[in-house]
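Order of the sequence lines fixes the chain letters, A, B, ..., with proteins taken first and strands second; residue numbering starts at 1 for each chain.
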There are 2 protein chains.
Amino acid sequence: MDIQEGKQKFIESWGKMASDWGINRTMAQVHALLLLAHEPLTADEVMEGLSISRGNTNMNLRALIDWGLVHKQLKSGERKEYFYAEKDMWTVVRQIIIHRKKKELEPMLKVLDDVAGVEAKCPESESFCNVVKDLRMLSQKANQTLDTLIRADSTWFSNIFFRMVR
Amino acid sequence: MDIQEGKQKFIESWGKMASDWGINRTMAQVHALLLLAHEPLTADEVMEGLSISRGNTNMNLRALIDWGLVHKQLKSGERKEYFYAEKDMWTVVRQIIIHRKKKELEPMLKVLDDVAGVEAKCPESESFCNVVKDLRMLSQKANQTLDTLIRADSTWFSNIFFRMVR
DNA sequence: TTTTGTTTTCAAAAAAAAATGAAAATTGCG
DNA sequence: CGCAATTTTCATTTTTTTTTGAAAACAAAA
């Protein structure tokens with residue numbers, strides 16, 4: 001396998017994994033393309049590199065910027081915008097955690113809190129109570145853990161992993 | 001809000017969250033319905049309860065059994081099959097981790113290992129090398145951590161969380 | 001201001017994913 | 001076996017998501 005082939009495989013695989021995770025496949029491929037690039041790319045180069053339309057390119061670049069995974073660069077004397085990926089993988093992971101926590105875990109917690117009022121009135125026999133109680137506890141733990149992770153630096157992150165698997 | 005309303009909200013929310021996570025919304029709703037049920041339900045009751053077709057019900061029940069989140073129960077003297085959800089939330093979480101790790105993390109690791117051969121030949125300047133190296137390390141750490149989690153019991157799980165957030 | 005290169009928008013088209021429902025297969029029973 | 005209850009399959013339809021591309025908006029330079 002040569003470098004070109006390896007890159008291709010990486011881009012495909014990153015896109016595949018992303019779509020398993022509920023993230024647009026193309027968005028992940030744009031991200032992968034930029035991750036592998038030596039220098040910032042223009043929208044045209046991304047378009048060309050992945051054979052996708054201008055509109056699609058623009059939408060996904062904007063989404064990546066929104067997620068904090070890609071940054072814009074303006075070169076003086078040029079009108080074109082250049083894009084480059086955040087290459088510190090720990091930062092990438094942190095940004096993804098932040099974004100998904102907000103979009104997914106927090107609304108779930110909100111619902112669990114809302115139904116907790118009902119739970120209080122439950123007879124002990126109701127499975128509803130137990131499910132909500134357990135899930136609420138798990139979600140809150142997960143929430144706290146993620147908050148801690150988000151605040152942590154990469155060293156701390158490695159340490160945690162080390163402690164967990166030792 | 002009464003119990004009925006609470007249940008409804010929970011089912012919707014569980015389905016919504018699942019679809020953010022790349023899991024079929026209906027599958028999660030069937031799971032939620034069974035989680036909240038006092039006793040095992042028949043396929044007909046699930047069908048009725050969520051207003052979905054027989055085929056859809058069957059497919060999603062099978063998928064849930066495959067994920068280890070739902071079990072079949074046969075009542076003696078009856079031909080109908082009954083279904084009930086795994087209600088130990090820690091087991092639920094563990095099963096989900098097992099399933100998704102196999103389907104998502106492991107193929108990614110495989111690709112990263114494959115391209116590692118290319119990486120070896122890289123000049124230091126190639127961003128490809130660094131990205132692959134970092135990501136490979138992160139994925140391996142994640143993989144180890146998940147293996148440990150899978151092997152852990154729920155007490156141990158709580159302890160880990162506690163250690164992480166203390 | 002007009003021109004020109006560039007980005008953004010968004011209605012429409014295409015593709016992908018999920019759901020339906022009727023037919024086929026399976027199962028237990030007399 | 002033959003029947004009836006139940007489950008499974010899968011071609012078709014429906015819904016949802018993604019992509020396209022041309023038009024509009026924008027922004028710097030002439």
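Following rounding to the nearest Å, B/Leu61 (CG) and D/dT6 (P) show an atom-to-atom distance of 16 Å. We find that CG of B/Asn60 is positioned 15 Å from P of D/dT7, with the value rounded to whole Å. Atom-to-atom, CD1 of B/Ile52 to P of C/dT20 comes out at 7 Å; the value is rounded to the nearest Å. One interatomic measurement links the two molecules: NZ of B/Lys75 to C1' of D/dT6, which rounds to 16 Å at whole-angstrom precision. Nucleotide C/dT7 holds its C1' atom 12 Å from the NZ atom of A/Lys80, rounded to whole Å.
In this structure, A/Arg100 fails the cation-pi test against A/Trp67, since its NZ or CZ atom is not both closer than 6.0 Å to the six-membered ring centre and inside 45 degrees of the ring normal.
The list of salt bridge (Lys or Arg N to Asp or Glu O under 4.0 Å) pairs with a residue in residues 12-22 of chain B, not counting sequence neighbours, reads A/Lys103-B/Asp20, B/Lys16-B/Asp20. The stretch residues 35-55 of chain A participates, sequence neighbours left out, in these salt bridge (Lys or Arg N to Asp or Glu O under 4.0 Å) pairs: A/Asp44-A/Arg54.
A close approach under 4.0 Å does not occur between any side-chain nitrogen or oxygen of B/Asn58 and OP1 or OP2 of D/dT7.
Ring pair A/His31/A/Trp14 is tilted by interplanar angle, where 30° to 60° counts as tilted.
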Could you go through nucleotides 21-30 of chain D and list every protein N or O atom that sits under 3.5 Å from one of its N or O atoms, giving the distance for each pair?
| residue | atom | partner | partner atom | Å |
| --- | --- | --- | --- | --- |
| D/dA27 | N3 | A/Arg79 | NH2 | 3.2 |

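Near-neighbour residues of DNA chain D inside residues 15-33 of chain A, defined by a heavy atom below 4.0 Å, number-ordered: A/Asn24, A/Thr26.
For A/Tyr84, the ring-ring contact (aromatic ring centres under 6.0 Å, His included) partners two or more places apart in sequence, or in a different chain, are A/His71. B/Thr91 is linked by a side chain to side chain donor-acceptor pair (under 3.5 Å) to B/Asp88, counting only residues two or more places apart in sequence or in another chain.
B/Ile96 and B/Met17 fall within a single hydrophobic cluster, where Ile, Leu, Val, Met, Phe, Trp and Tyr are joined by side-chain heavy atoms under 4.5 Å apart, directly or via other members.
Comparing atom distances between the A/Glu81 side chain and each of C/dT8, C/dT9, D/dT8 picks out C/dT8 as nearest.
Side-chain atoms of B/Ser13 do not come within 3.5 Å of backbone N or O of B/Lys9 as any donor-acceptor pair.
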